Amino acid sequence: MKISKVSYWKEDMKLTRPYAVTYVMHDSVQNIFVRLDGSDGSYGLGAGSPSEHVAGERMDDNCENRIPEIEELLIGKDIRSFKNIIVQLALIYHDKPALLAALDMALHDLFCKHIDISIGSYFGVRLAPIPTSITIGIKNVEETVEEGIEYKDRNFKIIKLKIGQSIEEDIERSIKLREAVGKDMIIRVDANQGYNVDKFEQYLKETNVANIEFFEQPMKPAVVHDMLQLSSEVREICAADEDLHKHKDALRLVKMGRPFGIFNIKLMKCGGLTEAGRIADVAHTENIELMWGCMDESVISISASLNIALACDATRYLDLDGSLDLASDVASGGFKLENGILYPLLDKAGLGVELL
Ligand SMILES: [Mg+2]
């Protein structure tokens, strides 16, 4: 089967719940979408969420202008050689990870439809379904507690709390959230680079009662060596996010003395399923645990992340709540969410998503 048509567009998607992280306030998000039509009438879908502050990738304002070059790269290509096509694309779009992720995903989707298996079966899903965390952004104590109770009532099992703006308020929010949601809720935190060693150690000490599961990206990548001042026990429960984009970062972190015991893989940072698999191999070899994260994303790319996550032995944590706050999406399906647990759709071909 050959690729006969390429569609590429961007879409504004409103968020049901505007939120802040340490950088800026968000109330809507743009994603890019790729549709590859096959000569047999099937189609493959991919989605990307470009992020300037995370990956240095600006949303391409001239979306349509890019179509001729992508058509040139893909039209007429035999989908059975999709891995070779991805290698060629990665050479060209290595600094556009969300675009590359969308193309890599659409090629996987189309190939899996061609051979009529789910993407999960293709990768070999072998882990039992895992609960996803749901995120509480930076907000005041009352709003934090209120949102925490809402998530508990909706049967979520894990909350990811964004911190990193004000140490005193972070400590108070963490403790009050724990009091409000009870001892059975898992709480993990993401400082989004907001601390230094002293502040992080203060946070650790003063939130001991809050029983935090792990700590994502406490400090800036520029001071990653400072992480080595922390005890190895603490480093084991720290997750690299902004410090880990691609496979080469995974190797660098391992070689510099293991500042993190957890890697947070995001398709939008690394450039898709192919590169994600390489990071996962490093993690597995080095006994580093994997977390799978996302941006604000369509169900298309959340399905891709979920399926590869459950096919990697090192996977322990999911943070795949990126489509849950979208007021609209271009596709449906991809996974089932029940009581905070994400279930892949292993009986549907490809990513298991349909355009709306
Ligand atoms: Mg993060």
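Given the structure is predicted, the values throughout are model-derived calculations rather than measurements. As a basis for the values below, the full set of heavy atoms in this structure was taken, side chains included, without hydrogen atoms, waters or symmetry mates. Every number for a ligand or one of its atoms is a count from 1 in the order of the listing.
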- Between I158, V181, N211, which is the residue that forms a side chain to side chain contact (heavy atoms under 4.5 Å, CB included) with I187? V181

- Tell me, with the steps shown, if D281 and R278 meet salt bridge (charged side-chain N to carboxylate O under 4.0 Å, His left out). CA-CA 5 Å; D281 286 343; R278 295 188 185 114; over 6 Å; no

- Query: Quick one: which of Q193, Q217, K266 gives a side chain to side chain donor-acceptor pair (under 3.5 Å) with D241?
  - Reply: K266

- T274 versus D104, side-chain donor and acceptor atoms under 3.5 Å: yes

- Item | Electrostatic pair K160:E216 at N-O distance under 4.0 angstrom | yes

- Query: So, S4 and D37: side-chain donor and acceptor under 3.5 Å apart, yes or no?
  - Reply: no

- Message: For the Mg ion (ligand 1), what is the number of protein N, O or S atoms at a distance under 2.8 Å?
- Response: 3

